[in-house]
Protein chains: 2
Amino acid sequence: MKAYQEFSREELLELKSELEMAYENAKSMGLKLDMSRGKPAFSQLDMEMDFMDVLDSESSMKTQDGVDVRNYGVLDGIYEAKKLMGDIIGVSADNVIVCGNASLTIMYDTVSRSMTHGVLGSTPWCRLDKVKFLCPVPGYDRHFSISKHFGIEMINIPMTPEGPDMDMVEELVSGDAAVKGSGCVPKYSTPPGDTYSDETVRRLAALKPAAEDFRIYWDNAYAVHHLYDESERQDELLEILGECGKAGNPDMVYEFCSTSKVTFAGAGIAAVASSKANLDEIRRTMTIQTIGYDKVNQLRHVRYFKDLNGIKAHMMKHAALMRPKFEAVLKVLDEELSGLGIGSWTKPNGGYFISFDAMEGCAKAIVAKCKEAGVTLTGAGATYPYGIDPVDSNIRIAPSFPTPEEMAQATDLFVLCVKLVSVDKLLGNI
Amino acid sequence: MKAYQEFSREELLELKSELEMAYENAKSMGLKLDMSRGKPAFSQLDMEMDFMDVLDSESSMKTQDGVDVRNYGVLDGIYEAKKLMGDIIGVSADNVIVCGNASLTIMYDTVSRSMTHGVLGSTPWCRLDKVKFLCPVPGYDRHFSISKHFGIEMINIPMTPEGPDMDMVEELVSGDAAVKGSGCVPKYSTPPGDTYSDETVRRLAALKPAAEDFRIYWDNAYAVHHLYDESERQDELLEILGECGKAGNPDMVYEFCSTSKVTFAGAGIAAVASSKANLDEIRRTMTIQTIGYDKVNQLRHVRYFKDLNGIKAHMMKHAALMRPKFEAVLKVLDEELSGLGIGSWTKPNGGYFISFDAMEGCAKAIVAKCKEAGVTLTGAGATYPYGIDPVDSNIRIAPSFPTPEEMAQATDLFVLCVKLVSVDKLLGNI
């Protein structure tokens, strides 16, 4: 395979006219495919319909402690749900609060509370001139949206396969008291799909923040979302709360997880894990905000899975559905783009995304070309704060929703667009 | 019946010693009854266990618009749930957003958003020196807690059987731009159980607020919670959104409701109703805060009730359970306290509470006496901002949780304590 950069101008022009013909053909196929968001496929949802039978009118509606889940009460979640969610992320039930159906909402509430009430007695952030968050990039757009909504200044931190650039993180966190937080997806990260190394976790846990109210927002969204089984390849993430404790930073992390991509995306349960001091502060606000979250759904989850092994077995069924989709994408990328010098991509062991890096200045044009021919990708730039990818290179691919066949078809079009836009770039047209 | 005030000192002393003996007897019974909170009884929860059978693995999980409720999406609630919640409070589905399991959370979020982002472009309240809310008293403690949490100054507005003192409301709202809101429970109000008159609703709708971001928090928690059927006595509340529109104040009200006391207290659905401008603002924040609430539970509710008539029929079953409890309390109060001049109480047609006014300076002592003998009442003062009843007179009675027999027993003890404390008061001991 010859890299496009080695093509002569004539060769590029000839290639361009071939690609344009192929693109016109593709357009005429009238594709309508969406790989923009990490949405579960219908086949995945159908697979867990027995979840709907777990509780019925004959069921005991009491927890193991004798709490009637139908009534008011139990502010921070039923014990067995705390245990289950704690087991997913490897922390004690005592370090867990179980809330409603979205970890995103708990994160939003956490930032919102910090704005109005500060963190463990610190000055409320709304009274400060400047609050800054560190943002590993490419990263998760919904994290960035929360920061933007609250007027928090976001600083890009480049991701490596080991996690964020830790030299940069350490310097900023210890040198600037306006740096109050850092959001991240540490396992099967959004979108590269990498998992933070033990070294990265330990360096994060040992940070010496200039701000007493600096917090890491550890969004462990894909804790059990492997694509392969244990005998093949699964990433492991070092448990950070324990590391923070050892490093003398017991209160430095809020960890989040949910079953949105375990049971139903719209009807799961979500949890936050942290130190007792942080959880007590959250509970003080929760007392004002709610009498308690949906305990019936918490009980439904516990009865469905029973324990962590139940979840692991369940997630292997998901893996069997997801793996062919990821592999369909990777096969096309490998066959069509390897060695051409116009793109690189990740090969994750889990999660919901593949990250693709095009030649600089090409991402927006590629996404637009795909859209024109009926394939919707996440908007270029979405993986960066403010929607601005400074080199216009990163594209997030979300293979979960379409079928493997549709993913192959969509990726065929995608590589065609990558080639076409790259040729235009090399010809100086972009 | 002779009023206690007409008793001679000797008569009072004699009465006191009789009452003390009776109280010691009562104490020795070892009662353990809770009428402190508006919690549904187990019998009520048992009655709706068929709610658990509405959706199972054979059910269609699609809405009438074809939305799969199991997946992400539909930020502001499925259409048929908007319709159902809108019908409960008499507004169009277009004016409704359906959220999670608690209207309290929507209220909290609404105040919190006003603190950080203002209201339709107004200055965020956290940047103001002073924000004030009007609080009808006696009122709902959880409303007061939200205001207190955000440092909002609360101003007591006395309740009349027609609603809050409207002369005072009009003067404060039009005269002071720091007055940004007023929370209220307009139907079967907490705790008096009165319903705002049409005149009160129209005067509220026609307010001329000094603050452009003044909002009424219309907590229509008991819209369908009658104790009697239509042929007997039910209160009607004038629909306020329409009245606000007519009066040229289309954006002045946020209305809240939920099914917490219709299906399960811990697993209902909640909604906010307002103008398009207000709902659009809420949706803009929701986009950041969530991908969507639990649509499976929304669908479960719609399939269970089908329509407003289904809810009305269901609530008559609740009424059959609740009525004997209210009547048990009222019977004891009538028989034991009428004409004694030491207390007055409300006789609501719906809701969850009875409001009792003791002689001034006696409420705290009565609640303490009851507690000592095993009957827990809501803390005296709870029905006032900051927990301070300026005349220490109001006590909230919540008959929903115990059985009618237990309620009669608890009320027997209550009237005994009222008598005992009143005698002490008249003797100058308090």
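In what follows, every chain begins at residue 1, and chains take the letters A, B, ... in the order their sequences are listed. Bear in mind that the values here come from a model prediction, so they are computed numbers and not experimental data.
If you measure heavy-atom distances from A:F401 to chain B, the contacts under 4.5 Å come from the side chain alone. In this structure, chain A has heavy atoms under 4.5 Å from both the backbone and the side chain of B:I291. Residue B:S59 touches chain A through its backbone alone, counting heavy-atom pairs closer than 4.5 Å. Heavy atoms of B:F264 lying under 4.5 Å from chain A belong to its backbone as well as its side chain. Interface remark: A:T116 contributes side-chain atoms only to the contact with chain B (heavy atom separation under 4.5 Å). Contacts between A:T285 and chain B at a heavy-atom distance below 4.5 Å involve backbone atoms as well as side-chain atoms. Looking at B:M286, there are no atoms closer than 4.5 Å to chain A (heavy atoms on both sides), in backbone or side chain.
Top candidate by heavy-atom pairs under 4.5 Å with chain A, chosen from B:T263, B:T290, B:I106, is B:T290. Among the candidates B:M61, B:R70, B:M52, the residue making the largest number of heavy-atom pairs closer than 4.5 Å to chain A is B:R70. Highest contact tally toward chain A, considering only B:R113, B:K148, B:R142, B:R284, is held by B:R142 [criterion: heavy-atom pairs under 4.5 Å].
Judged by distance alone, the side chain of A:T287 and the main-chain N or O of A:R283 form a donor-acceptor pair under 3.5 Å. The backbone N or O of A:D53 lies less than 3.5 Å from no partner atom in the side chain of B:D56, so there is not a single donor-acceptor pair. The backbone N or O of A:V67 lies less than 3.5 Å from a partner atom in the side chain of A:T63, making a donor-acceptor pair. Listed for the A:E281 side chain is no donor-acceptor partner under 3.5 Å among the backbone atoms of A:N278. Formation of a donor-acceptor pair under 3.5 Å by the A:T105 side chain with backbone atoms of B:Q289 is found in this model. Under a 3.5 Å cut-off, the side chain of A:S122 and the backbone N or O of A:G118 do not form any donor-acceptor pair. Side-chain N or O atoms of A:Y386 include one that pairs as donor or acceptor with a backbone N or O of A:M154 at under 3.5 Å. The backbone N or O of B:G139 sits nowhere less than 3.5 Å from a side-chain atom of B:T383 that would complete a donor-acceptor pair. When atom types are taken as modelled, the side chain of B:N101 and the backbone of B:G268 share no donor-acceptor pair closer than 3.5 angstrom. With hydrogens and angles ignored, the 3.5 Å screen pairs a side-chain donor or acceptor of A:H117 with a backbone N or O of B:H149.
Contacts with chain A (heavy atom to heavy atom, under 4.5 Å) involve these residues of residues 294-301 of chain B, listed by number: B:D294, B:K295, B:V296, B:N297, B:R300. Within residues 75-82 of chain A, no residue approaches chain B closer than 4.5 Å by heavy atoms. Using a 4.5 Å heavy-atom cut-off against chain A, the contacting residues of residues 43-51 of chain B are B:L45, B:D46, B:M49, B:D50. Listed by sequence position, B:G38, B:K39, B:P40 are the residues of residues 32-41 of chain B in contact with chain A, using a 4.5 angstrom heavy-atom cutoff.
Remark: B:K261 is not positioned above the aromatic ring of B:Y222, lacking an NZ or CZ atom under 6.0 angstrom from the ring centre and at most 45 degrees off the axis.
Side-chain atoms of B:K180 and B:K132, non-hydrogen and from C-beta on, never get closer than 4.5 Å to each other. Annotation: side chain of A:Y384 is not in contact with side chain of A:D141 (no heavy-atom distance under 4.5 Å). You'll find the side chain of A:L128 reaches within 4.5 Å of the side chain of A:T123, heavy atoms only. By the 4.5 Å heavy-atom criterion applied to side chains, B:F305 and B:L84 are counted as neighbours.
Aromatic pair A:F133/A:Y217: centroids less than 6.0 angstrom apart.
Here CG of A:L104 is found 9.0 Å from CD1 of B:I288. Values are rounded to the nearest 0.5 Å.
Between B:Y140 and B:H143, the angle of the ring planes goes over 60°, which puts this pair in the perpendicular group of the 30/60° scheme. The aromatic rings of B:Y304 and B:H314 lie perpendicular to each other, with more than 60° between the two planes, well past the 30° mark.
A salt bridge is absent between B:K62 and B:D68: the closest approach of a Lys/Arg side-chain nitrogen to an acidic carboxylate oxygen does not fall below 4.0 angstrom.
Pairing each heavy atom of A:Y72 with each of B:S260, the nearest pair is OH-CB, 3.4 Å.
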